[in-house]
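The structure appears below as structure tokens.
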Amino acid sequence: MPFSDYSTALVTGASGGMGRAIAERLAAKGLTVHGLARNGAKLAELAAASGIVPHEVDVTDTDALEALVGGLEIDVLVNNAGVSRPGSLLQSEAFDIDEQIDVNFRAGLHLARLILPGMMDRDRGHIVNITSMAAHYEFGGHIAYHATKAAMHSYTIALRQQLKQSGVEVIELMPPAVKTALTADLPEDGDFKIMTTEELMAETFKGLRSEKVEIRPGQANQLHWMSRIAPGFINAQLEKGSAGLIPPPE
């Protein structure tokens, strides 16, 4: 079903980056967009600019999610919220690891669990899980982030299988490096081509219009096909490119 036939969407991590861009695009298509984020000030600014409905909510707070979603009828769920803490696992704090698991993975499962009953009753809906090319290719500098994106990828496939006979579509968006706060540690002239959010949105919505269940924009698609031809070479290049992200041992 085209997004233009839907009326409501919920986007997590809507205060900036990819989440904001997606929320703006959906609002421009006439949907009522509920934007979730922890940064209330940025959400308020987005609401004033694009008319989204702001909700200052931490997606790791399952009680808050349940209270919010219980009063909404959602046609499109976009699980976008994500955090990354680069560096050596030996130097990571427990909070950093837990936060990445909770924000990047656990929240997506809980939101789908809460929203799916309504979608199933109406026999329609879209769940869009934003993973990353990091779900398939390991960069040593972002261990927990990559593990959570790989988990999200596996969850997306399994959920798609569960809902195969329903009217609910499960889509995976696998962006490459995108110019957001999450990629601030990547050099502009490095091995990873950094995509703008405008370029990403153009390819994302083109993929949605084509009803693709896996959307791999830009370099993510290139890596996908190159890894089939020369996986050893690609892995070596990615290891080299991420080496600078790992601090030396203390």
Side-chain angles (χ1 to χ4, degrees), residues 1-61 64-65 67-84 103-104 107-108 110-112 114-115 118-119 122 124-132 169-184 194-212 215 217-218:
M1 176 179 290
F3 278 27
S4 57
D5 292 339
Y6 290 132
S7 60
T8 58
L10 186 150
V11 180
T12 66
S15 61
M18 286 185 282
R20 174 172 181 144
I22 291 173
E24 289 174 332
R25 286 289 291 263
L26 291 175
K29 290 181 177 294
L31 280 73
T32 298
V33 179
H34 297 270
L36 275 63
R38 290 184 284 197
N39 192 319
K42 286 188 177 181
L43 272 181
E45 186 271 326
L46 173 60
S50 62
I52 72 144
V53 182
H55 301 276
E56 187 176 348
V57 175
D58 186 334
V59 294
T60 68
D61 186 340
L65 292 180
L68 171 65
V69 172
L72 300 177
E73 184 177 288
I74 301 298
D75 296 314
V76 181
L77 167 62
V78 182
N79 282 311
N80 164 76
V83 293
S84 178
V103 173
N104 299 351
H110 282 301
L111 275 168
L114 294 168
I115 289 173
M119 289 184 173
R122 298 186 298 278
R124 68 176 199 175
H126 268 70
I127 295 176
V128 182
N129 288 334
I130 299 182
T131 61
S132 169
E169 301 289 337
V170 182
I171 311 298
E172 181 176 6
L173 171 59
M174 295 175 266
V178 180
K179 194 171 181 61
T180 68
L182 284 182
T183 59
I194 300 180
M195 191 178 226
T196 67
T197 53
E198 291 79 10
E199 292 169 335
L200 176 65
M201 289 302 102
E203 292 205 32
T204 295
F205 280 84
K206 179 181 178 182
L208 291 172
R209 288 192 298 271
S210 301
E211 299 184 348
K212 291 183 178 180
I215 303 172

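Index from 1, following the sequence. Side chains are part of it too, since the values below use all heavy atoms of this structure and drop only hydrogens, waters and symmetry mates.
Counting only heavy atoms from C-beta outward, the side chains of Thr204 and Arg25 never approach each other to under 4.5 Å. Counting heavy atoms from C-beta on, the side chains of Phe205 and Leu26 come closer than 4.5 Å. Proximity of Tyr6 to Lys29: side-chain heavy atoms (C-beta onward) are nowhere separated by under 4.5 Å. Two residues are said to be in side-chain contact when any heavy atoms from C-beta on lie closer than 4.5 Å; Leu68 and Leu36 meet this criterion. Using a 4.5 Å heavy-atom threshold, the side chains of Leu43 and Ile52 count as touching. At least one side-chain heavy atom of Asp75 sits under 4.5 Å from a side-chain heavy atom of Ser7. Side-chain contact between Ile130 and Pro175 is present, with at least one heavy-atom pair separated by less than 4.5 Å.
Glu203 approaches Pro217 most closely through the heavy-atom pair OE1-CA, 3.3 Å. Contact between Leu10 and Val69 at its shortest, heavy atoms only, is CD1-CG2, 4.4 Å. Nearest approach of Val57 to Ala64, heavy atoms of both residues: CG1-CB, 4.1 Å. Counting all heavy atoms, side chain and backbone alike, Val59 lies closest to Leu65 at O-CD1, 3.3 Å. Here the shortest heavy-atom pairing between Asp58 and Thr60 reads OD1-OG1, 2.8 Å. For Ala107 against Val103, the heavy-atom pair with the smallest separation is CB-O, 3.9 Å.
Note that the CG atom of Leu31 and the OG1 atom of Thr8 stand 7.0 Å from one another [nearest 0.5 Å]. Remark: Leu173 CG to Asn79 CG distance equals 12.0 Å, nearest 0.5 Å. Here CD1 of Ile171 is found 6.5 Å from CG of Leu208. Values are rounded to the nearest 0.5 Å. Of the inter-residue distances, the one linking Thr12 atom OG1 with Arg38 atom CZ reads 11.0 Å to the nearest 0.5 angstrom. To the nearest 0.5 angstrom, Met119 atom CE is 9.5 Å from His126 atom NE2.
Residue pairs meeting the ring pair (Phe, Tyr, Trp, His ring centres under 6.0 Å) criterion with at least one partner in residues 15-34, sequence neighbours excluded, are His34-His55. Sorted by first and then second residue, the pairs that involve residues 41-51 and meet salt bridge (charged side-chain N to carboxylate O under 4.0 Å, His left out), not counting sequence neighbours, are Arg20-Glu45.
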**Message:** Test side-chain hydrogen bond (donor to acceptor under 3.5 Å, both in side chains) on Glu172 and Thr131; report intermediate values, then the result.
**Reply:** CA-CA 7 Å; Glu172 181 176 6; Thr131 61; 2.7 Å; yes
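In this structure a side-chain-to-backbone donor-acceptor pair under 3.5 Å is missing from Ser50 to Glu24. A donor-acceptor contact shorter than 3.5 Å is absent between the side chain of Asn80 and the backbone of Val11.
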